[in-house]
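Only a predicted model underlies this, so the values are computations on that prediction, with no experimental measurement involved. Start at 1 and go down the list; that is how both ligands and their atoms are numbered.
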Amino acid sequence: MASQNDKSSRACRTRAAQTRLIHEGYDPSAHSGSVKAPIYHTSTFLFNSAEEGAAFFRVNNKTALPGDPEQAGLMYSRFSTPNVDLLEKRLAILDGGEGALAFASGMAAIATVLMAIARAGDVILYTSPLYGGTDAFLNRVLPRQNIHMAAVPAEADEKTFHAVAEDAMAKGPVRIVYTETPTNPHNEIVDLALCRKVADMIGDAQGGAPIVICDNTLLGPVGQQPLKHGVDLVIYSLTKYVGGHSDLLAGAVIGRKELLDTVYGLRSLLGGVIDPHTAWLLTRSLETVTLRMKAACDGARRVAAYLSTHPKVSRLNYPGLLDTNSHRGKLHRTQSSLDGSTFSFDAGASRADAFRFLDALKLIKLAVSLGGTESLILHPVSTSHSNVDPARREALGFTEAMVRLSVGLEDPDDLIDDLEQALAKV
Ligand code: PLP
């Protein structure tokens with residue numbers, strides 16, 4: 001039986017992340033005993049007095065007077081709502097960030113963060129490839145604001161990374177180092193500590209280090225915590241594993257409060273904040289994200305092992321099969337605790353083979369997106385990456401036979417049966 005001392009030391013222990021994801025930041029007794037948080041379907045909030053409204057706006061506008069509250073209260077739903085506040089408190093837990101900001105989509109998060117940090121004349125140094133929407137925003141939209149780009153291959157060694165950084169500095173002050181790891185759909189591994197090192201080298205040379213940003217959508221906060229590897233801000237498409245049910249669109253950024261303050265200002269102006277109902281759905285999803293992601297990754301390991309020996313499958317890009325003595329393998333083990341459940345492979349040798357295979361699938365659904373309870377599959381060259389220049393696509397290792405599979409939560413044996421009968425048609 002536990003002694004009184006054991007009990008009290010247990011009571012004082014900081015609660016585990018999984019417990020905090022279920023309980024933190026919400027007290028049912030303040031909400032008529034409702035065990036789950038109510039959804040605040042309102043566009044605006046009552047001030048208790050004219051002076052209180054004025055003080056909240058002063059705090060929000062960063063013109064607070066002595067005696068004003070430290071934080072503004074609720075004012076208007078484009079700034080925040082109780083559902084968004086609660087979600088943001090819990091989103092920061094797994095990544096170990098000081099705070100989080102939630103958005104209406106992953107792209108709203110990415111665009112708002114980049115615009116909040118980069119100014120005209122700045123340079124963004126990014127690892128390539130990135131998610132297609134991010135690549136388009138960097139290369140088609142931001143250059144119109146006189147923001148310049150420099151790209152470095154995802155798995156570049158230190159010498160190459162430094163050389164690209166020198167070229168980037170020659171174009172102007174490098175304000176952001178932007179990365180995404182593992183890459184989608186090749187699962188290349190970017191060295192996050194090297195991104196930090198290069199950012200610090202740039203900082204020494206130009207006075208002021210760039211902000212290192214990592215899109216962590218593919219492994220999620222359960223499989224990888226980039227803040228621990230020197231990253232300043234982590235970005236998510238919550239639409240994927242964190243939401244986890246293919247029933248919502250959302251995004252987030254997590255990191256230090258001082259950086260988030262700047263992003264919050266622009267989010268409030270642009271209006272890309274997540275709505276209360278979607279925030280509520282995500283608060284529910286966070287309670288099971290660890291269980292779901294681990295189960296999906298376990299299933300993916302079984303499916304990848306099956307595919308790895310199939311005669312019609314080649315170029316299987318699954319991090320769990322990396323040689324643990326290789327540089328990539330070691331890096332993956334250092335940075336990540338899960339192998340993910342989204343990976344690509346060639347089904348046959350041509351587009352016709354891949355299409356025959358995809359059209360023959362009965363259980364696995366042919367659709368874009370990933371990270372849901374159901375397994376999804378797509379043909380990147382004709383869908384998600386169809387607007388990438390063909391020569392660049394080829395250089396990045398896309399083939400006509402390539403498909404990308406996101407393993408969901410079905411029994412892996414059923415997925416393997418489905419793959420088996422569809423591969424027989426190739
Ligand atoms: N980042 C990655 C890695 C993605 O895969 C996606 C979408 O597929 C996004 C960002 C954009 O997210 P959303 O579709 O939620 O805007």
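In this structure, His186 has its ring center under 6.0 Å from that of Phe398.
Ring geometry for His277 versus Trp280: interplanar angle under 30°, hence parallel rather than tilted (30 to 60°).
Pairing each heavy atom of Met115 with each of Leu266, the nearest pair is CB-CD2, 3.6 Å. Closest heavy-atom contact between Val273 and Arg267: CG2-CZ, 3.5 Å.
With a 6.0 Å cutoff to the six-membered ring centre and a 45° limit on the axis angle, Arg404 does not count as a cation-pi contact of Phe343.
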Decide yes or no on ring-ring contact (aromatic ring centres under 6.0 Å, His included) for Tyr178 and Tyr126, but give the supporting numbers first. CA-CA 5 Å; Tyr178 191 97; Tyr126 70 92; 8.0 Å; no

What are the polar N/O contacts of ligand 1 with the protein below 3.5 Å, with distances?
residue  : atom   : partner : partner atom : Å
ligand 1 : 1 (N)  : Asp215  : OD2          : 2.6
ligand 1 : 8 (O)  : Lys240  : NZ           : 2.7
ligand 1 : 12 (O) : Ser237  : OG           : 3.0
ligand 1 : 15 (O) : Gly106  : N            : 2.9
ligand 1 : 15 (O) : Ser237  : OG           : 2.8
ligand 1 : 15 (O) : Thr239  : OG1          : 2.6
ligand 1 : 16 (O) : Gly106  : N            : 3.1
ligand 1 : 16 (O) : Met107  : N            : 2.8

